[in-house]
Amino acid sequence: MFKVSAIYDLVDQPVGQLNLTANETLEVIEESDSESEWYLAKNDRNEEGYVPKTFVQKIFSAGASPAAESSSSAPPIRNIEDKFVFDDPSVLRSNSSDSKPISASNVLCPDIKVFLEGKLQLKSNNMDAFTIMWSDGHPRWKEAPCGIESAHLNNPKKQRKSWLKPNFIEYDVITKTTDQKTIQVERRFKQFEWLDKMLRKRFPLFCIPALPEKKFIGNAESDFIRRRQDMIERWLNAVLSHTALKNSSLIQWFLTCADEGKRKRLKHEIRNEEVIGEHFFLTLSISGRPELEASTETINHFAKVDLNFRCAVHQIEQEIPKFFGSKTALSSYGSALNKQADAENLIKGSATRTEGFRKAGNAFCAINHMFHKEFPESLRSLEYYCKEISSMSENITSIADLHNRCEHSCRKSSNSNDSEMIRKQADIVSSGILAEIEDYNHKRQERTAHEMKNMLKTQISSYKNIITELENALAVFMKI
């Protein structure tokens, strides 16, 4: 189809994925849909496997456009910082052939140059304030004051505002506070979409998971409603688990305002406030002495490590749906053994053999059920988690890019009168980025361990039940 060149080294890849060496050439032999993050490629050693699109760039032929030719003859890209062109610090562009602005689900598009030069003023007194605590060389977000602890969605019900408009599903959102009080409000998916959009606009530095995708056909089916309810609840609790974000005034209002008229007025006020994007950085303050000497290396290294993690998570996410609804010969074999039991039952004196075949047949049917019902269902939670982490991970690359833009501005202004102020502002941004990376990485490790423990416990329990059924069948045949 076409050829690509590796941008980074990529080693110790699992079976089915290729290791990469920076600048090596590979031939893409299959390209998935445009939303996929993978190519199926072949290297010079005729090894085939998947490679992440973010680790390679297309190589254009001699007949390509001049822009493409100049891109293909560009010097080799060795690290993340080299991947970007900084002709204008306010616009980050990829060093790839199309030179389009980088985009992700958590798009970071603040005009950081205005903030660094001190030209920005807070236009509202309603913005939340966030403190970055430096201690022992590590930054962390200051813990939010006690308030909302968790949220639960319940009682999905069909509603309709008028006969001209389609039905929609409304959920009871029950919020539990740290002082053991409960608050209940009613929210529909459209309102969660609004909250997600506002959180990303107001807090461009925070890693926020993606909401489940909107569905227009089949969105009233009970199974879909149940799954969406689970995914929205997981999304909401993932947001509430963020150390600094969980008690922001926006979330507090969304989860506690039950008065519909007041909610609409507040929503209108929030929509008209110009407190998005770069204004967020005016709300940051630092406590303690920042240690930022190795910040660029730390942030870019973590971005690269996280990209590897995202690739692995994406592969898990792609594999899990293959378990749903598949069939094997196990069920057919179990049915055959049960028919054998029916045949044995017609013979006098064959009660023991009949019982043995019946137990063996039921055991194999149970094995089939475990592999194609219980096992996939136990993976459902892991699938949701993979989608969350994959979407949150996209923001890590974006905030690494933001740090590089700040460093570029500092280098450009090193001989100007504003250099000290720009450096101080850049340190605030870098401290916030490092604090977010610390929070995200800590939560990711906790969640990964939690999801794996639950999945493995379920698997062990299922296998123990299967072993018991097989042993019971064997015990019957041992009597013969």
Side-chain angles (χ1 to χ4, degrees), residues 88-92 106-134 139-145 147 195-208 239 242-254 266-267 269-292 295 299 395-396 398-410 412-413 416-440:
D88 180 353
S90 66
V91 180
L92 177 63
N106 261 1
V107 176
L108 265 174
C109 52
D111 187 355
I112 197 64
K113 184 179 179 182
V114 179
F115 169 73
L116 294 177
E117 293 176 353
K119 298 178 181 178
L120 201 61
Q121 292 184 353
L122 198 59
K123 298 182 179 180
S124 171
N125 295 322
N126 297 327
M127 283 291 283
D128 302 291
F130 301 97
T131 303
I132 303 147
M133 312 285 290
W134 276 92
R140 59 181 176 83
W141 294 114
K142 183 179 180 181
E143 188 78 27
L195 176 63
D196 177 68
K197 180 181 178 181
M198 291 306 302
L199 288 175
R200 296 181 191 281
K201 282 186 173 183
R202 277 198 166 196
F203 311 112
L205 204 61
F206 294 153
C207 295
I208 299 171
V239 171
H242 191 284
T243 305
L245 182 60
K246 57 185 175 184
N247 281 330
S248 73
S249 56
L250 184 60
I251 292 176
Q252 292 273 349
W253 163 79
F254 183 84
L266 287 170
K267 182 179 177 181
E269 291 175 11
I270 291 171
R271 186 188 296 122
N272 292 334
E273 286 180 352
E274 296 183 22
V275 287
I276 59 175
E278 59 273 8
H279 293 87
F280 166 78
F281 298 102
L282 292 171
T283 69
L284 302 183
S285 60
I286 296 176
S287 175
R289 188 176 69 85
E291 298 181 23
L292 296 164
S295 59
I299 293 170
N395 205 43
I396 296 298
S398 296
I399 62 179
D401 302 340
L402 183 65
H403 170 77
N404 288 333
R405 290 162 67 185
C406 289
E407 290 301 306
H408 173 74
S409 292
C410 288
K412 281 190 70 174
S413 65
S416 70
N417 296 330
D418 298 330
S419 60
E420 187 175 342
M421 181 195 65
I422 291 175
R423 179 74 267 173
K424 183 179 178 181
Q425 298 287 77
D427 287 350
I428 292 175
V429 177
S430 297
S431 294
I433 290 171
L434 288 166
E436 183 60 17
I437 285 175
E438 286 271 342
D439 190 81
Y440 162 77

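Residues take their numbers from the sequence shown, with the count starting at 1.
- Note that CD1 of I132 and CD1 of I428 are 7.5 Å apart. Values are rounded to the nearest 0.5 Å.
- The distance from the OH atom of Y440 to the CD1 atom of I433 is 15.0 Å, given to the nearest 0.5 Å.
- Considering all non-hydrogen atoms of both residues, S295 and H403 come closest at OG-CE1, 3.5 Å.
- Considering only heavy atoms from C-beta on, S409 stays 4.5 Å or farther from E117 through its side chain.
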- Message: Determine whether E436 and W141 satisfy the following criterion, side chain to side chain contact (heavy atoms under 4.5 Å, CB included), listing intermediate values before the conclusion.
- Response: CA-CA 7 Å; E436 183 60 17; W141 294 114; 3.0 Å; yes

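- Shown here are the side-chain contact (heavy atoms from CB on, under 4.5 Å) partners of S285, two or more places apart in sequence or in another chain: T131.
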- Item | Working for side chain to side chain contact (heavy atoms under 4.5 Å, CB included), residues W134 and L434 | CA-CA 10 Å; W134 276 92; L434 288 166; 4.0 Å; yes

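- For the pair D128/T283, no side-chain contact is recorded, criterion being any heavy-atom separation below 4.5 Å from C-beta on.
- Distance check, rounded to the nearest 0.5 Å: OG of S430 to CD of Q425 gives 11.5 Å.
- Between I286 and D427, the closest heavy-atom pair is CD1-O, 4.1 Å.
- Across all non-hydrogen atoms, the minimal contact from I251 to L245 is CD1-O, 3.5 Å.
- I437 places a side-chain heavy atom less than 4.5 Å from the side chain of I399.
- The NE2 atom of H408 lies 9.5 Å from the OG atom of S413; values are rounded to the nearest 0.5 Å.
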- Query: Checking side chain to side chain contact (heavy atoms under 4.5 Å, CB included) for the pair Q252/K246: CA distance, chi angles, key distance, verdict?
  - Reply: CA-CA 8 Å; Q252 292 273 349; K246 57 185 175 184; over 6 Å; no

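- Between the OG atom in S248 and the CZ atom in F206 there is a gap of 8.5 Å [rounded to 0.5 Å].
- Looking at K142 and S287, their side chains never come closer than 4.5 Å, going by heavy atoms from C-beta outward.
- At least one side-chain heavy atom of L402 sits less than 4.5 Å from a side-chain heavy atom of L205.
- The minimum heavy-atom distance between S431 and P290, with the atom names listed, is OG-CB, 4.1 Å.
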- Does the pair E407 and R423 meet the rule for a salt bridge (charged side-chain N to carboxylate O under 4.0 Å, His left out), with working shown? CA-CA 8 Å; E407 290 301 306; R423 179 74 267 173; 2.7 Å; yes

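- Pairing each heavy atom of M421 with each of G118, the nearest pair is CE-N, 3.8 Å.
- The CG atom of L292 lies 8.0 Å from the CD1 atom of I299; values are rounded to the nearest 0.5 Å.
- Between K201 and H279 there is no side-chain heavy-atom pair separated by less than 4.5 Å.
- Ring geometry, F280 versus F203: the interplanar angle exceeds 60°, so the pair is classed perpendicular (tilted spans 30 to 60°).
- Two residues are said to be in side-chain contact when any heavy atoms from C-beta on lie closer than 4.5 Å; I208 and N395 fail this criterion.
- Side-chain contact between R140 and T243: absent, with no pair of heavy atoms (C-beta onward) separated by less than 4.5 Å.
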